[in-house]
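Computed from a prediction, not measured in an experiment: that's the story for all the values here.
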Amino acid sequence: MHTQAIPEPKRYWPTTTTSTVDPTLDRDMIKYAARSNFLDVMAAKLNIEEAEGIEVTINFTFTDLHENHVLLLKHEVLHHTKAPAVSNPNATLKISHDMFLDLLLDNASRKKLIFSDQLSIEGSKFGLAHFFALQDKPQDVFEIVRP
């Protein structure tokens, strides 16, 4: 009887950070994606252990699109709805769509964020920062199948 070695699992993402892809193509690809898709990703990335017992309501307003999403974190679940801004949220993040894309693509420097007129925060800045800190950081590469 002949036994065959089990091969190492394939990695489906490159292990290096260098890319020959034009970053403007990334921007064009996500520019027209539904904003709710990105909020779905935020809900999936929520660290439920860290979010235990926390209740937060955030208005997420795209100023140039005249669009608001209400984010509600309750019972370790992040819900979001495209809806008018709620009164008395913990915080309101007002951001232009272009600045949102810059943040997603990691193209926004701290200086740009601080001095930009395309981003403003009303309410608890600490609470908003804490909310974003509840997001798990994605791994660049992961194995599809573990040995």
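- Between Ala91 and Ser124, the shortest heavy-atom contact is CB-O, 3.7 Å.
- For Asn88, the side chain to side chain contact (heavy atoms under 4.5 Å, CB included) criterion is met by no residue, not counting sequence neighbours.
- In this structure Asn90 satisfies the side chain to side chain donor-acceptor pair (under 3.5 Å) test with no other residue, sequence neighbours excluded.
- A side chain to side chain contact (heavy atoms under 4.5 Å, CB included) with Ile95 is found for one member of Leu103, Ile121, Asp102, Thr61 and no other, namely Leu103.
- Of all the heavy atoms in Ala85 and Asn59, the pair that sits closest is CA-OD1, 3.4 Å.
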Could you tabulate the donor-acceptor pairs under 3.5 Å formed by side-chain atoms of residues 46-58, not counting sequence neighbours?
{"from": "Asn47", "atom 1": "OD1", "to": "Glu49", "atom 2": "N", "distance (Å)": "3.1"}
{"from": "Asn47", "atom 1": "OD1", "to": "Glu50", "atom 2": "N", "distance (Å)": "3.1"}
{"from": "Asn47", "atom 1": "ND2", "to": "Asp136", "atom 2": "OD1", "distance (Å)": "3.0"}

Show your working on side-chain contact (heavy atoms from CB on, under 4.5 Å) between Phe62 and Asp98 and close with a plain yes or no.
CA-CA 9 Å; Phe62 293 98; Asp98 280 338; over 6 Å; no

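- Among residues at least two apart or in separate chains, there is no ring-ring contact (aromatic ring centres under 6.0 Å, His included) pair with a member in residues 101-127.
- Listed by first and then second residue, the salt bridge (Lys or Arg N to Asp or Glu O under 4.0 Å) pairs involving residues 68-88 are Glu67-Lys82 (not counting sequence neighbours).
- Asp64 meets the salt bridge (Lys or Arg N to Asp or Glu O under 4.0 Å) test with no other residue; sequence neighbours excluded.
- Looking only at distances, no side-chain donor or acceptor of Thr81 sits under 3.5 Å from a matching main-chain atom of Ala83.
- The distance from the CG atom of Leu134 to the CG atom of Leu78 is 9.5 Å, given to the nearest 0.5 Å.
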side-chain contact (heavy atoms from CB on, under 4.5 Å) for Leu119 and Phe100? Distances and angles first, verdict last.
CA-CA 9 Å; Leu119 183 138; Phe100 179 69; over 6 Å; no

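- With sequence neighbours excluded, no residue forms a side chain to side chain contact (heavy atoms under 4.5 Å, CB included) with His75.
- The side chain to side chain contact (heavy atoms under 4.5 Å, CB included) test applied to Thr63 returns Lys94, Ser96, not counting sequence neighbours.
- From Asn68, atom CG reaches atom CZ of Arg35 across 12.0 Å, with rounding to the nearest 0.5 Å.
- Both Leu105 and Leu65 belong to a common hydrophobic cluster when Ile, Leu, Val, Met, Phe, Trp and Tyr are linked at side-chain heavy-atom distances under 4.5 angstrom.
- Hydrophobic side-chain contacts under 4.5 Å tie Val70 into a cluster, directly or through other members, with Val86.
- Not counting sequence neighbours, the partners of Phe132 by the side chain to side chain contact (heavy atoms under 4.5 Å, CB included) test are Met42, Phe60, Leu93, Leu128.
- Side chain to side chain, His80 and Asp40 meet the donor-acceptor criterion of an N or O pair below 3.5 Å.
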